[in-house]
Protein chains: 2
Amino acid sequence: MDDDEPTSIWMRPERQERSGPGRRPGYSREQITRTAVQIADAEGVEAATMRRIAGELGTGAMSLYRYVPRRDDLFDLMIDQAMAEVELPDGPSGDWRGDLILLAGETRTIGLRHPWLIALLTSRPTLGPHLLRVHEFALDAFDGLGLDIDDITGLVGMLNDYLHSAIRREIGWLEETRRTGLDSERWKRDYMGPYVRQVVESGAFPMFNRSVLDSRTAHLTPEERFRHGLDRILDAIAALIPSLRPR
Amino acid sequence: MDDDEPTSIWMRPERQERSGPGRRPGYSREQITRTAVQIADAEGVEAATMRRIAGELGTGAMSLYRYVPRRDDLFDLMIDQAMAEVELPDGPSGDWRGDLILLAGETRTIGLRHPWLIALLTSRPTLGPHLLRVHEFALDAFDGLGLDIDDITGLVGMLNDYLHSAIRREIGWLEETRRTGLDSERWKRDYMGPYVRQVVESGAFPMFNRSVLDSRTAHLTPEERFRHGLDRILDAIAALIPSLRPR
DNA sequence: AGCCATTCAGGTACCATGTACGCAAATGAG
DNA sequence: CTCATTTGCGTACATGGTACCTGAATGGCT
């Protein structure tokens, strides 16, 4: 009997090799997921089709369905395999700011290593074990400060929102420069996209123009920019904590 | 000569009805976009296929390509048509906090009216005229406070990040309750998703458990929760402003 | 050893979707 | 009236997810 309820992939264990009758599996979820991740890293997640993954493994597309119910579930597995690469200590150190800087750096590293990760993460509500582990670390960093759990969730959300959009921005910028082959200085006057140039030259949006033309963080390295924004978020969190703590 | 460069949709004007020879257009970008928006509102963006939109208009799929170069461009048009519904005064009032609360409320209204909007917005870097108008309003609210343009961009980014994830959360929650038909009180003990229940019962992630089980904002209406989170973000921004202002 | 239930491999096939191409119909200038 | 031009849209193809089916492998049971 095949139960075909559309339940989470994390509730569907891989067929383990019990010593019963039947042919033994020639592949594994982990192997399939790793292959999918490799393809997505190299050519984008849209290249990781079932046929392509199977081809890379030297088999037919339908074989994968012995291991993964649907393609979407494979995305969840990919996300969690990437999250597994996030290296964190077992528990928080007591220095919440230091812990979050550590977490932020790890997240950025993994997010850039797998440029599809953040996009998938925001498009799918998934809660794999490794994502839970990372999330728990973030929540834990705020424990013991006298904060309400809802406030903690909110602060972690603030941090995550920043991390995701900063990493997304960095990836977008990387793809842009890779496609055009221009460095950031020449970009704004030589390329900048014909449309953005037109908008800028129209002068219809003065503040937008300033944000495009007068940016003083343009000469910073991406990592410095990331760190700068992170410091602002952490400043904001630090400023918020006293007012949240019920005295 | 057809120029087929993949440039932004905003650079490709719709064929206006010049008084030359040739059959006159029977449809329009706006009409097509409106139809797509209606379908997406009612059945999700994945239902708004080219064939379906065309069918709704009583024509064939390929007719749409006389008005829109690619389906992706239609997404940009949909986004901007939704953003056009955001009602804002011409300029900021001088009370930045009030202006941002106004903007946040409008964004939430439109985001909930078009549940696909936020997802599309974060998956596509688009800059249609109405999105620019709204963005300009946000930037403008921070003008005159002695802030660097980069800092202003950062603060607007913080606010937008919050708005997007709060609205996304609310939409997810709406879909969840619509699918299960359960109210929030019964949800956590009757449904909560078999997987989340398993995670909670495993006790492996104590802080996560608290965030699921001990939430005190659960009894608030979605709007109150939104407003509460918004106030926190604005508090954070207010706390940040003095330190950003070069004295 | 031989039968058999069970499980896997993977080919074939179906359906949905984006969209290139081409031709016919409409339209206004000359 | 002629004809270049532009739209309407049917046909067709490529791609991708995946249902189904057949055959092969495997180990327990008699």
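Within every chain, numbering begins at 1; the chains are lettered A, B, ... in the order of the sequence lines, protein sequences first and strands thereafter.
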Task: Pairs involving residues 49-69 of chain B, ordered by first then second residue, that meet ring-ring contact (aromatic ring centres under 6.0 Å, His included) (sequence neighbours left out) - done: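 Not a single pair qualifies under ring-ring contact (aromatic ring centres under 6.0 Å, His included).
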
Task: Inter- and intrachain pairs under ring-ring contact (aromatic ring centres under 6.0 Å, His included), touching residues 105-135 of chain A, at least two apart - done: A:His114-A:Trp116

Results of salt bridge (Lys or Arg N to Asp or Glu O under 4.0 Å) for [X] - residues two or more places apart only:
{"X": "A:Arg51", "result": "none"}
{"X": "B:Glu136", "result": "none"}
{"X": "A:Arg210", "result": "B:Asp143"}
{"X": "B:Asp140", "result": "none"}

Set of residues satisfying side-chain hydrogen bond (donor to acceptor under 3.5 Å, both in side chains) with respect to [X], sequence neighbours excluded:
{"X": "B:Arg169", "answer": "none"}
{"X": "A:Ser202", "answer": "none"}
{"X": "A:Thr109", "answer": "none"}

Open item on the list: Rounded to whole Å, how long is the line connecting atom CD of B:Glu46 with atom C1' of C:dG18?
Closed with: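 My rounded result for the distance is 16 Å.
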
Open item on the list: What is the separation between atom CG on B:Asp72 and atom P on C:dT17, rounded to the nearest whole Å?
Closed with: 16 Å

Open item on the list: At a heavy-atom distance below 4.0 Å, what parts of residues 26-44 of chain B sit against DNA chain C?
Closed with: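 None, since no heavy atom is under 4.0 Å.
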
- [ ] Name every residue in residues 53-69 of chain B that has at least one heavy atom under 4.0 Å from any atom of DNA chain C, in order of residue number, or write none if there are no such residues.
- [x] B:Met62, B:Tyr65, B:Arg66

Task: Distance, nearest 0.5 Å, that separates CG of B:Asp72 from OG of B:Ser123 - done: 8.5 Å

Under-3.5 Å N/O pairs linking protein and nucleotides 24-27 of chain C:
from, atom 1, to, atom 2, distance (Å)
C:dT27, OP1, B:Arg24, NH2, 3.3
C:dT27, O4', B:Gly22, O, 3.4
C:dT27, O2, B:Gly22, N, 3.0

- [ ] Go through the N and O atoms of the side chain of A:Arg51 and the base of D:dG16, and report whether any donor-acceptor pair is under 3.5 Å.
- [x] yes

